[in-house]
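Below: the structure, in structure tokens.
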Amino acid sequence: MPNPTHRNDGIWKDAEALIERVELAARGNAGPTAFFDDLVEGLRLTTHASAVTLSVAQNTEAQNTEAQNTVAQNAEVQAEEVVLLARSGVQLHATDANGNSVHASRVPVNETTSDFTSHCRWFDGEFGSQLNICQRLQAARRLQLDFSFDQTLDFSLREPIGELAEVLLDLTAPVVLRDELDELQKRVNNRIDRDDLIRGLNQGIGLSDSFGSIATTLASACQFDRVSLLQCRAKRFRLVTTSARQKVVRRARQIRLMERLVGIVLAESDCFEYQVGDAAELEADVSDALEPYCNQSGFREIYIRLIRDVQSRKPVAVVVVERFQAAETQLERIKQDIQTLLAPLEDAVRDALKREDLGWGLIASRVWSPGNRKKIAGFTATLTVLVVAALFVPMELRLSVEGRVVATEQSRLFSPTEGVVSVVEVENGEKVNKGEKLLQLRSPALDLQRRTVEGSLATAETRLVSLTAMRSRGNAVSNREREAEVAAEERVLRKEIEGLNAQLVLLKRQQDNLTIRSPMEGLVDRWDLTQSLQSRPVTHGQYLLDVISEGDGWTIELDLPEQHVNYVLQQQQVQPCHCSFRLRSDPTRTYEGEIAEIAGVANITTSGKSVVPATFLLKAEQMGDLRNGATVVAQVECGKYPLGFVVFRGLIQWYRSNPWF
């Protein structure tokens, strides 16, 4: 008989290696099945047991209240469900249906701990010793190891085997929980994917949008190349949309071939499947419809499914699934995927059709009710009268434009050079005569230049007088050479004096131009004349003031919007456009006239609008008390147009000028 002490030492020696191996596996990424198998196999070899079983037991009568827990504690055993995780070896004693030891797997409730520590229990029977070690995972679930030995085990060996089993059970519990958590996460992900699928199948408002969402979702979920949905009405099939979401062109040959194929193959059955190269014989009419569609679309596999109404069993829609690069086994996968999703797919299609029917049907039933028929008839008659009036009743087209009053004869004066306004001789609104002095400018640069020229001239004249006096005295010239030099110098000085006199005349003329005089008889027009110009510097070309002639009348300058000027030009070719305006400062009086001239170019206003200038003259009896620059609001009559065009002119012109139409 072997010495138990030597066997005990062997167990501890092998246990250390087993614990280290199990601990590394528990921390690693090994699969749970391989981990559990390695665990029970290592335990069986280390403890020399005939069989080792790892399982999870769950109480099926777990109590949730304190009173129910009290009743459960009075029972010997609880009914439980055992899930086998791994097994190694063969059990020679009595087992239950799952192969678990009857005594080992049934632990009395009053002996199980309420915490999450391991609990060890030994059993001795006629077939040998048995060990059950359990650890609570949840309130009603526990992880357990069951050992079976062929003979009764010595008490000196039970302690190390129990301790080893407890340590390994502690290492196994996190692996079990992690495996269950992963499995739960997979279930949650599957449920989320299914919810997303159901949500995708039931999106959309209109029929085309709803069918497009169904086709796209089905193609994405099952990895189909193309999914097409057809609607059945009056025994005819009409393609609504495809998973490609392209616009359905009814006249396209491929669409007509698909609708013809669906109508033929579903005439006798609700399902049709075909794979290119299939040896099965087809009926003549089916083959005649299938071959041209196959050549046109290029599919390798096609699956057609008819969807019927639940109550009437009438066909309502068709699902067509196509693959263009399919293997031989793909047709079976398509059938399985369609069969798996058939119930939610059919419900989604029926709901989309129901929404479409209820939407238009409900609106039609409510609008065309007996109580509304008279109202609809009256509304239709009124609308007809309005349409006829809009098309055939003429109406004057009037354009509302803005403008200003300007004098017919006016002169705008600008600064001839840089300088400073030294004197302002007139005031705003003062009547002046032609040639009358208005402003006096002073140019410091001209003044300095004139003084310089005058100084040079005086110097040259003094030198010339000195040379002349020198020549008059005979004793001043000692010889002929000196006399010649003096004569030459005298000629140079005379030329210099002549040039300086010319410069002085030019400078005087420029200074005379600094006097601003009225070019005509009229009124001075600048309201801030003194404040803006008195003792102020001005630049060359700067605006100074206006002189306007009241006796020559007034002209109205209009700003015609460029987008409307064509109406004015067309009417102007027939006859001059009649125009009326009112002053903003006096809207009670209306002035009338005709457009005299339209500019050939467009200008950009300060607000960024493009306008075409136009003018018309006022009659003498309408001159009245006008002022230069007064703003006006005018109405330009552009001839007769249909009433509808005049009323909706803005919308019609926007439609014509919009590049999207």
Side-chain angles (χ1 to χ4, degrees), residues 395-413 426-432 518-532 543-569 571-572 575-641 646 649-650:
M395 182 178 180
E396 187 71 37
L397 175 61
R398 292 183 175 88
L399 298 180
S400 180
V401 298
E402 295 182 351
R404 69 203 62 82
V405 178
V406 295
T408 303
E409 185 68 24
Q410 64 175 343
S411 179
R412 176 159 288 194
L413 304 180
V426 294
E427 296 181 354
N428 180 41
E430 182 177 343
K431 187 173 182 180
V432 295
S518 176
M520 57 183 291
E521 183 180 354
L523 299 177
V524 176
D525 182 36
R526 180 163 182 175
W527 67 275
D528 58 345
L529 180 62
T530 304
Q531 296 87 337
S532 298
Y543 165 71
L544 298 177
L545 52 85
D546 287 329
V547 178
I548 62 176
S549 174
E550 289 185 307
D552 294 331
W554 301 92
T555 300
I556 309 301
E557 291 186 354
L558 301 178
D559 293 332
L560 301 177
E562 187 181 11
Q563 64 269 26
H564 300 152
V565 73
N566 191 47
Y567 304 120
V568 181
L569 292 175
Q571 178 63 22
Q572 197 75 3
Q575 61 180 13
C577 294
H578 182 267
C579 184
S580 61
F581 74 92
R582 295 180 182 181
L583 295 171
R584 290 187 185 275
S585 59
D586 185 15
T588 59
R589 184 176 178 183
T590 302
Y591 300 83
E592 295 184 357
E594 293 180 348
I595 291 182
E597 184 180 3
I598 301 176
V601 295
N603 298 331
I604 303 298
T605 63
T606 55
S607 60
K609 297 181 180 180
S610 179
V611 298
V612 177
T615 60
F616 74 91
L617 302 176
L618 285 176
K619 299 177 181 179
E621 61 272 12
Q622 291 183 329
M623 292 299 179
D625 187 14
L626 298 178
R627 57 185 177 84
N628 191 49
T631 58
V632 302
V633 178
Q635 294 283 336
V636 180
E637 298 180 0
C638 302
K640 301 288 186 178
Y641 286 86
V646 175
R649 177 176 55 84

What orientation do Y591 and F581 show, parallel under 30°, tilted 30 to 60°, or perpendicular over 60°? parallel
Hey, does E637 have a side-chain heavy atom less than 4.5 Å from the side chain of Q571? no
Quick one: list whatever passes side chain to side chain donor-acceptor pair (under 3.5 Å) with S580, sequence neighbours left out. none
How about P519 and L413: do any of their side-chain heavy atoms sit closer than 4.5 Å? yes
I'd like to check the side chain to side chain donor-acceptor pair (under 3.5 Å) partners of D559; sequence neighbours left out, ordered by chain and number. R404
Drop me the distance from S518's OG to L523's CG, to the nearest 0.5 angstrom. 10.0 Å
Compare all side-chain heavy atoms of M520 with those of Q410 and state whether any distance is below 4.5 angstrom. no
Side chain to side chain donor-acceptor pair (under 3.5 Å) partners for Q635, two or more places apart: none
Closest non-hydrogen atom pair, V432 against V524: CG1-CG2, 3.8 Å
Check whether any side-chain N or O of Q572 sits under 3.5 Å from a backbone N or O of C577 as a donor-acceptor pair, and report yes or no. yes
Show, in sequence, the C-alpha distance, side-chain angles and deciding distance for V633 and R582, and conclude whether the side chain to side chain contact (heavy atoms under 4.5 Å, CB included) test is met. CA-CA 6 Å; V633 178; R582 295 180 182 181; 5.7 Å; no
Interatomic distance, C638 atom SG to L569 atom CG [nearest 0.5 angstrom]: 9.5 Å
Atom CD of E597 with >12 non-hydrogen neighbours under 6.0 angstrom: no
Do the side chains of V636 and C579 get nearer than 4.5 Å, heavy atoms only? yes
Any side-chain heavy-atom pair of E396 and K640 under 4.5 Å: yes
If we ignore angles and hydrogens, is there a donor and acceptor under 3.5 Å between the side chains of S610 and E562? yes
Are the side chains of V405 and I556 in touch, meaning some heavy atoms are under 4.5 Å apart? yes
In the structure I gave you, are the side-chain heavy atoms of L560 and L399 within less than 4.5 Å of one another anywhere? no
Heavy-atom closest pair, residues V601 and P613: O-CD, 3.6 Å
Just wondering, are more than 12 heavy atoms of other shown residues or ligands nearer than 6.0 Å to CD in E427? no
Can you list the residues that meet the side-chain contact (heavy atoms from CB on, under 4.5 Å) rule with T555, with sequence neighbours excluded? V406, T408, T615, L617
Would you say N428's side chain and R526's backbone share a donor-acceptor pair under 3.5 angstrom? yes
Once side chain to side chain donor-acceptor pair (under 3.5 Å) is applied, do any residues pair with T605, and if so which ones, sequence neighbours excluded? S607
Partners meeting salt bridge (Lys or Arg N to Asp or Glu O under 4.0 Å) with R584 (sequence neighbours left out): E402
